[in-house]
Amino acid sequence: MRWSNLFVPTLREAPAEAEVASHRLLLRAGFIRQLHSGHYSLLPLGLRVHDKVADIVREEMDAIGGQELLLPAMHPAWVWEQSGRWASMGEEMFRLTDRKGAEVALGMTHEEVIAHLAREIHSYRELPQIWYQVQWKFRDEPRPKSGLLRVREFAMKDSYSLDIDDAGLDRAFDLHQGAYTRIFERMGLPAIAVEASSGAMGGSASVEFMVPSDAGEDDIVRCASCGYAANVERAVAVVAPVDDPPGGTLERFATPGIRTIAALAAAEAEAPPQRQIKTMVYVLDGQVTLVLLRGDHSLSEQKLLDRTGAAQARPAGADECVAALGASPGSLGAVGVTDLPVLADGALEGRSNLTTGANVDDFHYRRVDIERDIRVGEWLDLRQVRHGEPCTACGRPLELLRCIETGHIFKLGRRYAEAFEATVMDAEGAARVLTMGSYGIGIGRAMAAVAETYHDERGLCWPVSVAPYDVAVVPLAGRDAAVGEVAERLYDELCGLGTEVILDDRDARPGVKFSDIELVGIPYRVTVGPRGLANDEVELTERASGQTANVPVAEAAAAVRTARDEALAAL
RNA sequence: CGGGCUGUGGCGCAGCUUGGUUAGCGCGUUGGUCUGGGGGACCAAAGGUCCCGGGUUCAAAUCCCGGCAGCCCGACCA
């Protein structure tokens with residue numbers, strides 16, 4: 001490809017709305033353009049990277065026996081009604097009505113469609129199956145952001161395993177875990193497989209693939225010494241015991257104007273945060289519920305959902321607190337509460353001589369013994385793990401890492417197959433409901449994660465496996481015709497060797513060409529100039545390291561090919 | 001959904017507080033001359049519903065009301 005024919009609208013300055021590196025650079029380098037919040041056009045270079053990512057995914061899916069298919073992006077409402085998700089999905093699903101008045105939706109995932117298709121399997125002899133597609137998903141995200149990282153329409157590779165029993169599902173799950181590990185390795189992404197919550201999907205196992213990045217939206221916990229890794233939604237850590245001095249009888253005392261844990265700790269020597277009870281009022285599926293944590297701990301809402309099985313949780317409003325407990329946030333507590341469910345985090349178990357709100361504005365209780373004074377309905381793990389807390393497996397400090405979720409695999413079980421009556425005959429002639437797994441990778445998000453991982457102050461630095469082109473040949477022609485001829489010859493030679501090459505044939509100054517090529521992030525640059533040609537040499541520069549070597553013209557193409565192949569093999 | 005910020009040529013911005021020349025600057029774009037190994041110089045030119053609608057006023061990019069869009073934080077989110 002000649003640069004002069006290529007549509008690469010590079011920008012010298014990043015548009016003001018772009019904040020994170022991948023967003024800024026993909027815009028500046030002419031890979032993407034926004035049409036609308038959360039909807040991006042992939043320009044020629046962007047599409048090439050996107051395709052390369054998708055092709056790596058396809059190769060590894062094929063390698064574990066996956067079969068590619070393509071399902072509709074638009075679904076009739078009835079398939080979602082059949083699984084019960086038409087009602088439960090809420091506003092995240094784009095819904096519309098066709099000319100006949102029929103309700104339809106844009107698919108945000110395809111479990112239903114797969115389960116419906118799976119009815120065509122009748123015998124255990126036809127199992128197992130792994131079906132996958134690279135299809136556009138539509139999700140009406142409340143807040144699209146960060147370029148390609150969080151959008152409302154995006155390509156996802158989603159695969160689904162169909163098995164007759166749990167052992168088969170386990171096998172399919174393990175195959176996917178292996179495939180995902182190879183996929184991210186090949187893209188150069190240092191993805192960490194972590195235990196995760198399966199969230200609204202349910203299921204017995206759930207692993208997320210997380211790429212560390214400040215641009216991410218998820219936190220994981222990792223133990224560098226034993227390898228334990230989990231999403232904070234699920235992570236556990238050792239809680240160092242707190243020494244409670246001997247207490248005594250419960251006592252109410254005035255705390256005028258004190259509304260926060262910190263303010264109470266400042267006012268009361270006997271009430272440091274770890275000796276307070278934090279009382280949070282939540283509405284779980286419509287039921288007002290008290291959630292108790294140690295004062296210095298914070299609640300993980302996902303844990304609350306997972307542990308209680310509630311579909312929805314939201315903090316109660318101030319008015320709801322007053323209605324339920326008679327006081328406003330800041331003076332709330334669970335002492336004496338008998339008419340509301342009380343959930344408490346395990347870190348509070350056995351504690352005494354604590355301080356908490358008295359359910360009267362501007363009053364707290366001291367010397368609370370949690371077993372004696374509070375009727376705890378259930379003890380649950382609800383707290384969010386903090387950086388540096390000891391690992392439960394090996395005792396070493398855990399690290400908290402911000403990450404981009406690039407893949408998620410989980411076992412669905414029989415929920416969807418049951419809803420669609422996807423059953424097969426087993427060897428004994430009995431009907432058995434299929435069990436399914438569901439496995440996703442966001443293609444565009446993975447691409448953005450690579451951009452987040454590989455860039456510098458000059459621009460993008462794509463790993464060769466996903467780079468839009470392998471090499472750029474840059475003639476510094478001026479009026480020197482020989483330079484142009486050598487560049488053309490090298491271009492042909494490189495194409496012939498199977499490398500993907502751009503010839504920068506623009507009549508532009510060297511600085512312009514170099515800057516653009518570095519911004520775009522082509523892994524190798526061959527510079528052809530009169531200076532080098534005087535010695536029958538060209539320069540070979542590696543984008544990532546900036547290292548340049550002089551190479552005889554006759555050997556240049558082969559040198560590029562070798563360098564590329566070696567880099568590819570190293571991934 | 002709550003909080004904050006922003007909408008002015010393709011991109012980055014100024015002008016708005018205190019209404020009043022022909023709406024300006026840098027970059028980019030087009031033509032030309034020179035230049036030719038890191039965004040070069042000079043000359044000439046094109047390019048604008050100042051987000052939209054209404055209002056106030058002799059007069060609105062500027063003030064007022066309403067809307068829309070975008071970004072950030074939070075909430076939410078396989």
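Below, chains carry the letters A, B, ... as their sequence lines are ordered, and counting in each starts from 1. Side chains included, hydrogens not; waters and symmetry mates left out as well; all remaining heavy atoms used.
- Side chain Glu518(A) to base rG38(B): a donor-acceptor pair is found below 3.5 Å.
- Among the atoms of the strands shown, none is found under 4.0 Å from any heavy atom of Thr548(A).
- Between Arg415(A) and Glu111(A) there is no salt bridge, since none of the side-chain N atoms of the basic residue sits less than 4.0 Å from a carboxylate O of the acidic one.
- Rounded to an integer number of Å, the gap from CZ of Arg143(A) to C1' of rC73(B) is 6 Å.
- Contacts of Arg314(A) with the nucleic acid, taken as non-hydrogen atoms under 4.0 Å apart, are absent.
- For Leu11(A) and rC13(B), the CG to C1' distance is 14 Å, given to the nearest whole Å.
- rG7(B) and rC50(B) have their C1' atoms separated by 10 Å, given to the nearest Å.
- Residue Lys513(A) is out of contact with every strand shown, counting any heavy-atom pair closer than 4.0 Å.
- In this structure, Leu299(A) atom CG and rG74(B) atom P are separated by 17 Å, rounded to whole Å.
- Computed from coordinates, the His23(A) NE2 to rC72(B) C1' distance equals 12 Å when rounded to whole Å.
- Residue contacts shown for Gly440(A) are absent, as no nucleic acid heavy atom lies under 4.0 Å away.
- With C1' as the reference atom, rG26(B) and rG36(B) are 24 Å apart, rounded to whole Å.
- Closest contact between the side chain of Leu476(A) and the listed nucleotides rC11(B), rG37(B), rC72(B) involves rG37(B).
- For Arg509(A) and rG40(B), a side-chain-to-base donor-acceptor distance below 3.5 Å is present, hydrogens and geometry of angles not being considered.
- Among the protein residues, Ala14(A) comes within range of the sugar-phosphate backbone only, with heavy atoms under 4.0 Å from sugar or phosphate atoms but none that close to a base.
- For the P atoms, the distance linking rA41(B) with rU49(B) amounts to 30 Å, nearest Å.
- Side-chain atoms of Asp536(A) do not come within 3.5 Å of backbone N or O of Pro552(A) as any donor-acceptor pair.
- A gap of 14 Å separates the C1' atoms of rU8(B) and rG47(B), to the nearest Å.
- Asp480(A) and Arg531(A) are not joined by a salt bridge, as no carboxylate oxygen comes within less than 4.0 angstrom of a charged side-chain nitrogen.
- Among the heavy atoms of the strands lying under 4.0 Å from Pro142(A) is at least one base atom, whether or not backbone atoms are also near.
- Positionally, the nearest nucleotide of RNA chain B for Glu17(A) lies more toward the 5' end than for the other of Lys137(A) and Glu17(A).
- One cannot find a donor-acceptor pair under 3.5 Å joining the base of rG70(B) and the side-chain atoms of Gln34(A).
- Salt bridge status for Asp456(A) with Arg543(A): present, with a side-chain N to carboxylate O gap under 4.0 Å.
- The shortest heavy-atom contact between Ala73(A) and Trp136(A) is CB-O, 4.4 Å.
- Remark on RNA chain B: of its neighbouring residues Glu233(A) and Gly532(A), the 5'-side contact belongs to Gly532(A), judged by nearest-heavy-atom nucleotide.
- Taking atom C1' in both rC58(B) and rC51(B), one finds a spacing of 27 Å when rounded to whole Å.
- Residue Arg445(A) is classed as having no contact, given no heavy-atom separation below 4.0 Å to the nucleic acid.
- Within the nucleic acid shown, Ser37(A) comes within 4.0 Å of sugar-phosphate atoms alone, with no base atom in reach, counting heavy atoms only.
- Taking atom C1' in both rG10(B) and rC16(B), the straight-line distance is 24 Å, to the nearest Å.
- One interatomic measurement links the two molecules: CG of Leu305(A) to C1' of rA75(B), which rounds to 13 Å at whole-angstrom precision.
- Contact annotation: side chain of Glu13(A) to base of rG10(B), donor-acceptor pair absent below 3.5 Å.
- Side-chain atoms of His36(A) lie closest to rA69(B) of the nucleotides rC73(B), rG37(B), rA69(B).
- Remark: P of rA75(B) and CE of Met280(A) are 11 Å apart, rounded to the nearest angstrom.
- No option in Ile404(A), Leu401(A), Asp218(A), Leu189(A) other than Asp218(A) meets the side-chain contact (heavy atoms from CB on, under 4.5 Å) test with Met210(A).
- Atom CG in Asn550(A) sits about 16 Å away from atom P in rG37(B), given to the nearest Å.
- As judged by a 4.0 angstrom heavy-atom cut-off over every strand, Asp480(A) is placed among residues making no nucleic acid contact.
- If you measure from atom CD of Glu92(A) to atom P of rC1(B), you get 15 Å, rounded to the nearest angstrom.
- Between Tyr40(A) and His23(A), the ring-plane angle classifies as perpendicular under the 30° and 60° cut-offs.
- Pair assignment for rG74(B) gives rC1(B), based on Watson-Crick or G-U wobble hydrogen-bonding distances that are each under 3.5 Å.
- Pair check for rC68(B) finds rG7(B); Watson-Crick or G-U wobble, both atom distances under 3.5 Å.
- Between Lys157(A) and Glu68(A) there is no salt bridge, since none of the side-chain N atoms of the basic residue sits less than 4.0 Å from a carboxylate O of the acidic one.
- When the nucleotides rC72(B), rG70(B), rG12(B) are ranked by their closest atom to the side chain of Ala16(A), rG12(B) comes out on top.
- The pairing partner recorded for rG24(B) is rC13(B), the criterion being a Watson-Crick or G-U wobble arrangement whose two distances lie under 3.5 angstrom.
- Aromatic ring pairs are classed by plane angle as parallel below 30°, tilted from 30° to 60° and perpendicular above 60°; the pair His176(A) and Tyr439(A) is parallel.
- Residue Met156(A) is classed as a base contact, given a heavy-atom separation below 4.0 Å to a base.
- For the P atom pair drawn from rA60(B) and rU22(B), the interatomic distance equals 13 Å after rounding to whole Å.
- Counting atom types as modelled, Asp507(A) pairs a side-chain N or O with a base atom of rG36(B) as donor and acceptor under 3.5 Å.
- With rG39(B), rC72(B), rG37(B) as the choices, the nucleotide that has an atom nearest any side-chain atom of Pro510(A) turns out to be rG37(B).
- Taking atom P in both rG15(B) and rG20(B), the straight-line distance is 13 Å, to the nearest Å.
- Nucleotide rC42(B) forms a pair with rG32(B), judged by Watson-Crick or G-U wobble geometry with both contacts under 3.5 Å.
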